[in-house]
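Working notes, structure below.
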Protein chains: 2
Amino acid sequence: MINTTAQPENALRRDVVNLLAERGITPTQQRILIAQELLSKPQHLSADQVLHRVNNQTNTVSKATVYNTLGLFSEKGLIKEVIVDSSKVFYDSNTAPHHHFYNVDSGTLHDIECEALKVESFPEPPDALKIQDINVIIRVTQKT
Amino acid sequence: MINTTAQPENALRRDVVNLLAERGITPTQQRILIAQELLSKPQHLSADQVLHRVNNQTNTVSKATVYNTLGLFSEKGLIKEVIVDSSKVFYDSNTAPHHHFYNVDSGTLHDIECEALKVESFPEPPDALKIQDINVIIRVTQKT
DNA sequence: GTCAGTGCAAACCCTTTGCAGAAAG
DNA sequence: CTTTCTGCAAAGGGTTTGCACTGAC
């Protein structure tokens with residue numbers, strides 16, 4: 001994620017370009033637009049939301065490019081896929097280990113900081129497998 | 001889930017019919033077949049797997065009916081949806097609270113008993129929402 | 001006989017892919 | 001200039017839907 005505190009637009013763009021370069025990602029116009037939109041603050045967006053936000057500005061980015069770019073960013077560790085809903089993937093600009101509240105009514109995610117929730121102990125993975133990721137999702141609803 | 005320990009085929013069927021009736025589900029032939037397949041032991045099956053297993057026997061159940069039935073069972077609390085993969089839903093015959101190892105290479109799930117893993121503490125849900133479910137998924141891969 | 005459940009095929013939605021044209025270095 | 005990226009439109013895979021037929025009670 002990028003520090004955007006009181007930074008002018010062009011500084012943000014420069015930061016994004018550097019960030020992409022650091023990860024070996026060619027900073028094309030479309031990728032820069034998507035990165036600016038998604039990485040400017042902690043948030044959880046679906047591919048479709050990214051598509052619409054990016055295309056609200058003048059420039060236009062195709063659906064395929066949004067999907068390709070999100071896949072690339074996530075592969076390069078710039079963002080994280082969050083799987084909580086069977087019908088779509090969310091992309092999280094916060095790549096630090098943390099967990100989520102998922103509001104099943106509104107379809108929105110809220111971070112739970114890593115320190116706020118501790119997974120106390122867990123068994124060894126079967127068959128000598130390696131742990132890739134530990135993920136806690138607390139599904140919440142409107143109180144009835 | 002059903003206790004199937006050394007029970008003859010027809011006893012299993014009777015149990016399934018009772019189980020469905022208890023939850024107010026009309027025990028049709030297709031639903032009984034699906035319930036027998038899925039509830040006979042702790043397991044995690046996708047809709048497609050259920051479809052194929054059920055249709056390996058003589059009787060035939062359509063894809064739509066499998067989806068409708070799994071949705072109904074899950075709504076009635078007979079099974080639980082497990083969302084770990086963005087491309088399909090798994091249905092779990094174990095409805096007791098528990099967690100999962102998800103092998104991302106093979107696409108298979110393994111239960112983690114509730115007592116084996118403790119979520120120590122967590123913050124209050126935002127906006128006075130009610131907790132529906134706490135879900136821990138540990139993604140594992142082949143050791144490189 | 002009535003109402004709920006089923007089968008089929010088509011629709012749907014999100015995501016991926018193939019390929020020709022455009023942009024990056 | 002060469003290679004990589006983009007856009008478009010079409011394909012893909014899982015899931016849902018509409019509607020006539022069948023089965024449950």
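Just so it is clear: chains get the letters A, B, ... in the order the sequence lines come, proteins before strands, and each one is counted from 1. Keep in mind that what you see is a predicted model, and the values were worked out from it rather than measured.
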Roughly how many Å is it from [atom1] in [X] to [atom2] in [N], rounded to a whole number?
X       : N      : atom1 : atom2 : result
A/Glu81 : C/dT15 : CD    : C1'   : 11 Å
B/Ile32 : C/dG5  : CD1   : P     : 13 Å
A/Asp85 : C/dC13 : CG    : P     : 15 Å
A/Leu20 : C/dG25 : CG    : C1'   : 16 Å
A/Leu51 : C/dC13 : CG    : C1'   : 14 Å

- Going only through I, L, V, M, F, W and Y residues with side-chain contacts under 4.5 Å, is there a path from A/Leu117 to A/Ile137?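 They do not share one cluster, since no chain of ILVMFWY contacts under 4.5 Å joins A/Leu117 to A/Ile137.
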- With A/Ser106, which residues qualify under side chain to side chain donor-acceptor pair (under 3.5 Å), at least two apart? A/Asn103, A/Thr108
- May I have the step-by-step check of side-chain contact (heavy atoms from CB on, under 4.5 Å) for B/Val61 and B/Ile34, ending in yes or no? CA-CA 9 Å; B/Val61 181; B/Ile34 293 169; 4.1 Å; yes
Check the interface with nucleotides 10-12 of chain C: list each N/O to N/O pair with the protein under 3.5 Å, or write none.
none

- Decide whether A/His98 and A/Asp92 meet the rule of one side-chain donor and one side-chain acceptor closer than 3.5 Å. yes
- Does any donor atom in the side chain of B/Asp111 or B/His44 lie under 3.5 Å from an acceptor atom in the other side chain? yes
- Message: Distance check, rounded to the nearest 0.5 Å: B/Lys63 atom NZ versus B/Thr65 atom OG1?
- Response: 12.5 Å
- Query: Does A/Gln132 have any side-chain contact (heavy atoms from CB on, under 4.5 Å) partners at least two apart in sequence or in another chain, and if so, which?
  - Reply: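 A/Gln132 satisfies side-chain contact (heavy atoms from CB on, under 4.5 Å) with B/Val104, B/Arg139, B/Thr141 once adjacent residues are dropped.
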OP1 or OP2 of [N] sitting under 4.0 Å from any side-chain N/O of [X]?
X       : N      : value
B/Gln30 : C/dG7  : yes
A/Arg31 : C/dA24 : no
B/Ser62 : C/dG7  : yes

- Given the rule in the side-chain hydrogen bond (donor to acceptor under 3.5 Å, both in side chains) test, do B/Ser87 and B/Asp85 qualify, once you have shown the distances and angles that lead to the verdict? CA-CA 5 Å; B/Ser87 71; B/Asp85 187 302; 2.7 Å; yes
Atom pairs and distances, donor-acceptor, side-chain atoms in residues 70-83 of chain A, under 3.5 Å, two or more places apart:
none

- What string of B, S and - do you get for nucleotides 11-25 of chain D 5' to 3' if you count protein non-hydrogen atoms under 4.0 Å? ---SBBB------SS
- the helix from C/dG1-D/dC25 to C/dG25-D/dC1: angle between its terminal axes, five pairs each, to 10°?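 Rounded to the nearest 10 degrees, the bend comes out at 30°.
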- Considering only heavy side-chain atoms of A/Thr65, the closest of C/dT6, C/dG7, D/dG7 is D/dG7
